[in-house]
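Following: one structure in structure tokens, then a few remarks.
Because the structure is a prediction, the values reported are computed rather than measured. Because only heavy atoms are used, hydrogens play no part in the values below, and waters and symmetry mates are left out as well, while side chains stay in.
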Amino acid sequence: MTRSHRDGGGDCPAAAYLRQQPENLVVNGYRNCVAGLAHRDLRYWDAAMSAHAQALGAIDGQYALDVMTSLIERLGICATCPLRFYKPGTGHLCRDECLVLGMVAGAQHGDEAAMVHSAKLLTCSEACFEVVDRASAYAAVLLGHGHRLTPIPLGAFADIDFRSSAFASSQSGASLH
């Protein structure tokens, strides 16, 4: 289903972005949920629940985490390739993490094009709208508690996809995921 990227050390531009609480909550929520599913390790779930409860309260935190888990489970079924993620707390972003951020930020800012484009880059077309609905529900809970993500311009997704494809091509048969 998934394979984790290893943190190679050093700082990248994503590190400052991830210091923003809403973005950090989304990315590390995604990372912990995927890692929890992939490794069947409750420590990941506990970390995700703790962060969500602290940011959203116990009830809304649990609901948000349930929606994120539902989103990831759906992505796990219909993703065009295994879901990618860095280990929780890493100061980098991979393609899939950027696309999940794109769906959530797009939902919060009414940017349907960003939501759908991000979902289409992650999923088979038949499930795209189910994924968008789940990302939108998660976005609404965050927004209800004042956690608004920075908008991501539509052009950024083409760059994310291009860079990811270029990296995969340069790896001489090695898989990025």
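Proximity of R148 to P22: side-chain heavy atoms (C-beta onward) are nowhere separated by under 4.5 Å. With contacts defined as side-chain heavy-atom distances shorter than 4.5 Å, the pair V141/L56 qualifies. At least one side-chain heavy atom of W45 sits less than 4.5 Å from a side-chain heavy atom of T69. Put simply, the side chain of L122 reaches to within 4.5 Å of the side chain of R95, judged on heavy atoms. Side-chain contact check for T90 versus K87: some heavy-atom pair is nearer than 4.5 Å. Put simply, the side chain of L71 does not reach to within 4.5 Å of the side chain of Y138, judged on heavy atoms. Using a 4.5 Å heavy-atom cutoff, the side chains of R74 and I77 are in contact. Counting heavy atoms from C-beta outward, F85 and D96 have side chains that stay 4.5 Å or more apart.
Under 3.5 Å, the side chains of N24 and Q20 contain no donor-acceptor pair of N or O atoms. Side chain to side chain, N32 and N28 fail the donor-acceptor criterion of an N or O pair below 3.5 Å.
The stretch residues 102-118 participates, sequence neighbours left out, in no salt bridge (Lys or Arg N to Asp or Glu O under 4.0 Å) pair at all. Listed by first then second residue, pairs satisfying salt bridge (Lys or Arg N to Asp or Glu O under 4.0 Å) with a partner in residues 24-34 read R31-E97, not counting sequence neighbours.
Around atom OH of Y17, more than 12 heavy atoms belonging to other residues, nucleotides or ligands sit under 6.0 Å away.
Between the side chain of S50 and the backbone N or O of D46 there is no donor-acceptor pair closer than 3.5 Å. Judged by distance alone, the side chain of T123 and the main-chain N or O of A119 form a donor-acceptor pair under 3.5 Å.
With sequence neighbours excluded, the residues satisfying salt bridge (Lys or Arg N to Asp or Glu O under 4.0 Å) with R43 are D41.
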